[in-house]
Amino acid sequence: MSKESRMRATINQKLTEMGERERLKELLRAKLTECGWKDQMKAHCKEVIKEKGFEHVTVEDLVVEITPKGRALVPDSVKKELLHRIRAFLAQHAT
Amino acid sequence: MKMEDMPLSGPDNTKLEALVHDIYSELVEDACLGLCFEVHRAVKQGYFFLDETDQESMKEFEIVDQPGVDIFGQVYNQWKNKECECPNCKRLIAASRFAPHLEKCLGMGRNSSRIANRRLASNNNMSKSESDQEDNDDLNDNDWSYGAEKKARKRKSDKNQNSPRRSKSIKHKNGELGSSVSSEPYKYNYNTGISYETLGPDEVRSLLTTYFLFLQQCGVISEHTKKMCTRSQRCPQHTDEQRRAVRVFLLGPSAPSLPDADTVVESDSFDIPDGQTLMSRLQWEDSPDISPADSASSKASTNHSDSRRPKKKKRPSLGLNSGGGGSLTGGGGSSSSSSQSNISLSTKKKRPKLSAPSISSIYDDLN
């Protein structure tokens, strides 16, 4: 187990150090905007805010409402591409 | 999953996959969180709902999503099947073809005027000595296709029967068209700014001389277009023999010979003042008959030779005056004496050369 966790730690470290994590983040954000996910989520946010009254809405409220829906709404193509890239990275750099 | 992404076997594999998915989830949550922060800040700063402030205009411009209609609610091919009546020709034209039809029908618009100009120019006086290169090109295009050439030749033979240029080019074609064409009554009389119809053969000769001398052009008459070649004396399409033949044909047997590269004669100094004298004689002799454009061109060439004057390095030993009436005889006398020494011209200098002395002897003949 610790071996595994050590491996994970190493991988994560590598991801960050080599800048791959940032690149993946940017890639994901760009793809999500492109496919309209962001606009969808914003519309949902509006509804939440109107519900809660926009004077008192907090970040926590939004996070709680948005994250599960967001995760579900990511299109399959975007998901596949990201998984592919992560796997490629691991294949290259796993010990 | 792709095979190349699974380097390890069995249990490690699943662990790796789990790891991959974990990393993926992290990234997605990160994105969501980023969005939340962005929205929250927008709400608190007050710019989140800015595009929803005006309910009325929002309803007015709502996106329409019905079949057969675009997002503004307009029917997009409404006018496709309609026909309009042209106010000019009273025909019923399809709506999408209406604008181009009107352009041609009314004769306005770029294309129709271009076509009309081209037609006019080709039907017009071919004997414009300062013919536009453009017109030449347009007409020369006809040469490539035999059918067009026949048609063009026929059209050209019909027009401007009175044009002096025409008679010469016919002779040049060995009398092929010769008598048949010249006997036809002349059908068209195109009224253009430069009308050479009023010029007699003498004036045309003088004009052609100007053409040859001042402009130093090849001058060989093309069989196809019956125009003189406007390229330089060294144009590769025509030989010197042809040029000499044209000059002899047009100006008589004592025509100045072509510039010979071999002999360098220091006769440049005589040329220009003689040329000016010559042009003034031309103007006097032919003044009642020369059309305005002709005198304009001769004036232009006179001016041209004027401008060239200061550049000369050798001064004439004969003090020839330019354009003066009194110098006429003096010019004639001195030029005839130098005519023997003066036949061939040097091509070394770039200015056009004038073999004026020989020309003036021709004019003695004409006179």
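Naming convention: chains lettered A, B, ... in sequence-line order (proteins, then strands); numbering from 1 in each chain.
For the pair A:Met7 and B:Leu19, the tightest heavy-atom approach, listed with the atom from each and the gap, is CE-CD2, 4.4 Å. Nearest heavy-atom pair across A:Lys79 and B:Tyr24 is CG-OH, 3.3 Å. Considering all non-hydrogen atoms of both residues, B:His21 and A:Leu83 come closest at CE1-CD1, 3.7 Å. Residues B:Cys32 and A:Arg71 come closest through the heavy atom pair SG-N, 4.4 Å.
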Might you work through the salt bridge (charged side-chain N to carboxylate O under 4.0 Å, His left out) test for B:Glu26 and A:Lys25, ending with a clear yes or no?
-> CA-CA 10 Å; B:Glu26 259 185 66; A:Lys25 263 197 213 168; over 6 Å; no
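Atom CE of B:Met108 sits in a sparse spot, with 12 or fewer heavy atoms from other residues, nucleotides or ligands closer than 6.0 Å. In this structure, B:Ile63 places its CD1 atom where only 12 or fewer heavy-atom neighbours from other residues, nucleotides or ligands lie under 6.0 Å away. Atom OH of B:Tyr47 has more than 12 heavy atoms from other residues, nucleotides or ligands within 6.0 Å.
When heavy atoms are compared at a cutoff of 4.5 Å, A:His56 approaches chain B solely by way of its backbone atoms N, CA, C and O. If you measure heavy-atom distances from A:Val59 to chain B, the contacts under 4.5 Å come from both the backbone and the side chain. Interface remark: A:Lys46 contributes backbone and side-chain atoms alike to the contact with chain B (heavy atom separation under 4.5 Å). Residue A:Asp61 does not touch chain B at all, counting heavy-atom pairs closer than 4.5 Å. For A:Arg21, the parts lying under 4.5 angstrom from a heavy atom of chain B are both the backbone and the side chain. Contact of B:Leu27 with chain A is made through backbone and side chain together, with heavy-atom distances under 4.5 Å. The contact between A:Lys50 and chain B is made entirely by side chain atoms (from C-beta outward), counting heavy-atom distances below 4.5 Å.
Ranked by non-hydrogen atom pairs under 4.5 Å with chain B, the options A:Ile49, A:Leu24, A:Leu32 are led by A:Ile49.
Using a 4.0 Å cut-off between charged nitrogen and carboxylate oxygen, A:Glu55 and B:Lys44 do not count as a salt-bridge pair.
For the pair B:Val39 and A:Ile66, the minimum side-chain heavy-atom distance is 4.5 Å or more.
The CD1 atom of B:Ile23 sits 11.0 Å away from atom CZ of A:Arg87, with the distance rounded to the nearest 0.5 Å. Note that the OG1 atom of A:Thr67 and the CG atom of B:Leu35 stand 9.0 Å from one another [nearest 0.5 Å].
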